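This structure is a prediction, so every number in the text was calculated from the model and none was measured. Here is the naming used below: chain letters follow the sequence lines, and residue numbers restart at 1 for every chain. In what follows, every heavy atom counts, from backbone to side chain, and hydrogens, waters and symmetry copies are set aside.
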Protein chains: 2
Amino acid sequence: MNARMDGQGTKGRGGRSTIVDVAHRAGVSKSTVSLVLSGSSLVAEATRERVTEAMATLGYIYHRGAATLRGAKSGVIGMVINDLSNPFFVEMAIGIEEACQVGAYIPFIANTVENPVRQLQVVRSMREHGAAGLVLSPALGTPVAELKPLLSGMPVVQVMRRLAGLKTSIVAPENKDGARRATAHLIASGHRRIAFVGGFDSMVVRQDRFAGYRLALEEADIPFDASLVFETMTNYAGGGAVVPQLTNLREPATAALCFNDVVAIGLMRALAASGVAVGREFGIIGFDDIEEARHTVPALSSVAVNARALGTRAVQLLMRQLASGDFEPETILCPTTLVIRASCGTALSAPSNSEARTEAKSKD
Amino acid sequence: MNARMDGQGTKGRGGRSTIVDVAHRAGVSKSTVSLVLSGSSLVAEATRERVTEAMATLGYIYHRGAATLRGAKSGVIGMVINDLSNPFFVEMAIGIEEACQVGAYIPFIANTVENPVRQLQVVRSMREHGAAGLVLSPALGTPVAELKPLLSGMPVVQVMRRLAGLKTSIVAPENKDGARRATAHLIASGHRRIAFVGGFDSMVVRQDRFAGYRLALEEADIPFDASLVFETMTNYAGGGAVVPQLTNLREPATAALCFNDVVAIGLMRALAASGVAVGREFGIIGFDDIEEARHTVPALSSVAVNARALGTRAVQLLMRQLASGDFEPETILCPTTLVIRASCGTALSAPSNSEARTEAKSKD
DNA sequence: GCAGAAATTTGGAACGTTACAAAATAGGTA
DNA sequence: TACCTATTTTGTAACGTTCCAAATTTCTGC
C-alpha cells in the first residue's frame, strides 16, 4: 500500500523475516504460506514449491510463540530431572528422548540439581514457553503446595520418584518387590545381619525399598534391627560415610542392601579401603544396576531397574494422554531384575529364584 | 462491555487465564497488570499488591510467546550437547547450567546423540522458541551448510568442539599443548614407541591433540610412525577394539596416549584382559580426567580438562555478548593439567615438568 | 461456451502481550 | 480556590500466526 520496502530481505525490521515477507516474495497471500507451513494438502504443488523456495532464500524462521498464541500445540515436552550428574537419571533421560523422537515431540531438559527453588523456576519457565506436557523426576524436598498450581491443566508424569501430595500419573519401578527379592537372596545365602544403607526416610522411593527389605526379613522370621539402618546421602560419599558406624556394631552386619548403586559403590570402596574383602567377607547388593556396576571390583550385584525403559514408558504415557486429551492420572509399575555378580559373594549358592539372573563371567 | 462472564475464573475460555482476566479481577486495566509483571516502579504499592493477589487466585501463567511477539527477550539459553551419556559432557552441561543460573537465564538442554539430523531439528526448535543464544557442542559430521542459516543473527558459542566452516565464538581446552605435555611425560619416562589411540581424523579436537603428540615426538627427535596411530570410536568399545592390532605390531608399542579417558579405559580393560600389566608393562595416559579415571585399577593418568569451567566460560561469554549486543566471534582457550596416576607407570621417575601434578595416594 | 463442481487462494479477525502517548488523579503552592 | 507538577493509570496499535468464510481459479461434462 505505502512505499515499497528496500530491495532484498524485506525483513520485518526486527531482522527476522515473517510469513508476510515470504508471502510477498512468493507472490501469494500469507494464508497460503500458513497452509504450506502446516503441510496442508489444499495447496497446489507448484505454489508449495515457490513458497518453500522463498522461505529458504529469506532464511525464514517459524515463530512458534505467535502460533501458540492462536492455540497451536507447541510439540515440546519438558523434562525436569533432579540430578543429571547421576548416571541413572541420565540413562532415563535418554529413554525419554528416544520416545519423544518417535512421537515427533522435542524434549527440553532441565536439571534441577535437587533444588526445589530451581525446580519451580524451571517448571514455570517450561509452562510459560508452552510445553505440551511434563515428565518430572521431582527434586527432594519439593514443596508440593507451590508446585501444584503450576501444573494444573497440563498432563504430567512423575517418573522414578513421586511426591506425596501430588496426584499425577506415575511411572516407577517395582521398588518394594525388587528390594524384597534382593534381601531374600542375601538371606538365602546365609546372611542374617543385613544392613539397609542410604537415602532418607522422607524419600518415597526409599520407603518402598525399605518396605521390601522389611518384608523379606519378616518372611524369613528375622527380627528387624533398627541399628542396621543407615540414613545417608545418595552419592558415593554417602556410602562411604557409614563405614565407621557399620564396622563398630556390637553385633556386626555381614551384608548390606543399598538404596542405590552409587551408595553401594561408595560403601564398597570404603570397606575395601579399610581392609574388608567385599564379596567374601561382606555381601553387598545395590539398586538400579547402572553401567558402572559391571566394572567395579568385585562387580556389583544389583536390582536392575531399566532406566531407559522407565523414561520411555513415561513419555509414551504422556503422549497417549496428550493425544486423547484425557489427563486422568495413571500408574505404571515396571518390573525389576535381580542381577547377581560377585559383590554379594554367593553366586555359587544362588537360590532357586527363577527371576534372578546370574551373569556369566564372559559377559563383560 | 457486553454481559459479564460467569463467576469465578473468568478464564479466556482456553483454560488459561490472561492478563485481561487479572486486570478485570483486580479492577485495573491490562496495561497496569503488564507494568506489574515487568516490575515497573511506576505502579503504586497498593495496586501492585491487588494485582499480585489476583494473579495468584486466578493461577495466572505468563504467556511468553505473546511477549516475544512484541520483541521481549526470552531469557532462555539453548544448550545443544552431542552426547549426554558421556560423563564429560554431563559435567560440562552442569557448568553451563550453573553459569546460566547466576545470570538469571534458564538453560534448556537438548541431547543430539551425535546425530546431525536431530541436531538440526533441535537447533531449529530452539530458534523457533526464541532462545536468546546457543551453547553448542556440535555432533560429529554436522553439515555446516545446513546448520549455518539456522544460527544467523543469534549469538552462538561452540564449546569443546568446533566445526571447520562455522565461524562462531569458541571455548575450548588447550588440546595441543595438553597432548604435547602428556606425550613429553611418556618420553621423559623412557618410552619411545608411543601409540596414539582413538577418534577419527575428521574431528577437529583430535587434530589438535594429535598435533600436540607429534610436536612432542618432534621435540624429542623421535621419528613419527604412522603404524602407531589408531583411529577408532570414542567409547569404551573403541578403546578395546585396537588391542589386537596394537599387540601385533612388529616393533611393539610400550605406551599410548589416548584421545580421551573413555577410550583409555576401554583400552586398559582390554589389555588387562589379555594379560598385559598396564602401568608396569605398558603406559597409558588419557584425556579429559573424568571422575572415573580416579577409580580404575590402576588409576588412570590423564590430561585434565576442567569440563565444568569450560561450560561456565562458554555461558559467561555468551551472556556478555547478549548484554552488549556485539556478537563478534571470540575464542577462549582453557589451560589443561597433566595428572599423573598409576596407569603410566612412571610416577616415580616423573620429570621436572612444573605443570604436572602427581596425585597423592591418600587423595581418594 | 457455459453452468456447476472441485480445487485453490485470500482477507480479515482473533490470540496475549508490550510500548507509547495521553488521560486521570494526587499533592503542593500561590 | 485555581493552577501547576508529580505520580499513576489507561486506551490503542502493533507483533506473527491460524482459522474461517468467502472469493477466485481451474476442471468437468454438455
- [ ] May I have the distance from B:Leu42 (atom CG) to C:dA23 (atom P), rounded to whole angstrom?
- [x] 18 Å
- [ ] Can you sort out the partners of B:Leu150 under side-chain contact (heavy atoms from CB on, under 4.5 Å), two or more places apart, ordered by chain and number?
- [x] B:Leu120, B:Val123, B:Arg124
TODO: Counting heavy atoms from C-beta on, name the nucleotide in C:dT17, D:dG11, C:dT10 closest to the side chain of B:Ala66.
DONE: C:dT17
Open item on the list: Do B:Thr112 and B:Asn82 pair up side chain to side chain, a donor and an acceptor below 3.5 Å, judged on atom types alone?
Closed with: no
Task: For atom NE2 of A:His129 and atom P of C:dG16, their distance in whole Å - done: 17 Å
- [ ] Tell me, with the steps shown, if A:Glu330 and A:Ser169 meet side-chain hydrogen bond (donor to acceptor under 3.5 Å, both in side chains).
- [x] CA-CA 5 Å; A:Glu330 207 168 313; A:Ser169 291; 5.5 Å; no
Listed pairs under 3.5 Å, donor-acceptor, residues 41-53 of chain A side chains, sequence neighbours left out:
{"unit_1": "A:Arg48", "atom_1": "NH2", "unit_2": "A:Ser40", "atom_2": "O", "d": "3.1"}
{"unit_1": "A:Arg50", "atom_1": "NH1", "unit_2": "A:Ala26", "atom_2": "O", "d": "2.7"}
{"unit_1": "A:Thr52", "atom_1": "OG1", "unit_2": "A:Arg48", "atom_2": "O", "d": "2.5"}

TODO: Applying ring-ring contact (aromatic ring centres under 6.0 Å, His included), name anything that partners B:Phe108, two or more places apart in sequence or on another chain.
DONE: A:Phe108, A:His129
Task: Atom-pair distance (CD1 on B:Ile61; P on C:dT17), nearest Å - done: 11 Å
Task: Five-pair end axes of the helix from C:dG1-D:dC30 to C:dA30-D:dT1, angle between them (10°) - done: 40°
Task: Atom-to-atom span, NZ of A:Lys73 to P of C:dC15 - whole angstrom - done: 17 Å
TODO: Can you check each nucleotide of nucleotides 18-25 of chain D against protein heavy atoms at under 4.0 Å and return B for base, S for sugar-phosphate only, - for none, in 5' to 3' order?
DONE: BB------
- [ ] Provide, to the nearest angstrom, the distance between the CD atom belonging to A:Glu128 and the P atom belonging to C:dT18.
- [x] 11 Å
- [ ] Can you sort out which residues in residues 43-51 of chain A have a heavy atom within less than 4.0 Å of DNA chain C? Ascending by number, please.
- [x] A:Val43, A:Ala44, A:Thr47
Open item on the list: What is the distance, to the nearest angstrom, from the CG atom on B:Leu58 to the P atom on C:dG16?
Closed with: 14 Å
Open item on the list: Taking salt bridge (charged side-chain N to carboxylate O under 4.0 Å, His left out) as the definition, give me every residue that meets it alongside B:Arg64, ordered by chain and number, with sequence neighbours left out.
Closed with: A:Glu128
Open item on the list: The criterion is salt bridge (charged side-chain N to carboxylate O under 4.0 Å, His left out); which residues satisfy it with B:Glu98, sequence neighbours excluded?
Closed with: B:Arg308
- [ ] Could you tell me which residues satisfy side chain to side chain donor-acceptor pair (under 3.5 Å) with B:Arg161, sequence neighbours excluded, listed by chain and number?
- [x] B:Glu114
Open item on the list: Just to verify, what does A:Arg70 make a salt bridge (charged side-chain N to carboxylate O under 4.0 Å, His left out) with, not counting sequence neighbours?
Closed with: none
Open item on the list: Does C:dG11 have its OP1 or OP2 closer than 4.0 Å to a side-chain nitrogen or oxygen of A:Ser29?
Closed with: no
Open item on the list: Taking side chain to side chain donor-acceptor pair (under 3.5 Å) as the definition, give me every residue that meets it alongside B:Asp83, ordered by chain and number, with sequence neighbours left out.
Closed with: B:Ser85
Task: Interatomic distance where CG belongs to B:Leu69 and P belongs to C:dT18 [whole Å] - done: 11 Å
Task: Closest-nucleotide 5' rank along DNA chain D - winner of A:Tyr60 and B:Ser41 - done: B:Ser41
- [ ] List for me each residue that meets salt bridge (charged side-chain N to carboxylate O under 4.0 Å, His left out) alongside A:Arg127, sequence neighbours excluded, and say none if there are none.
- [x] none
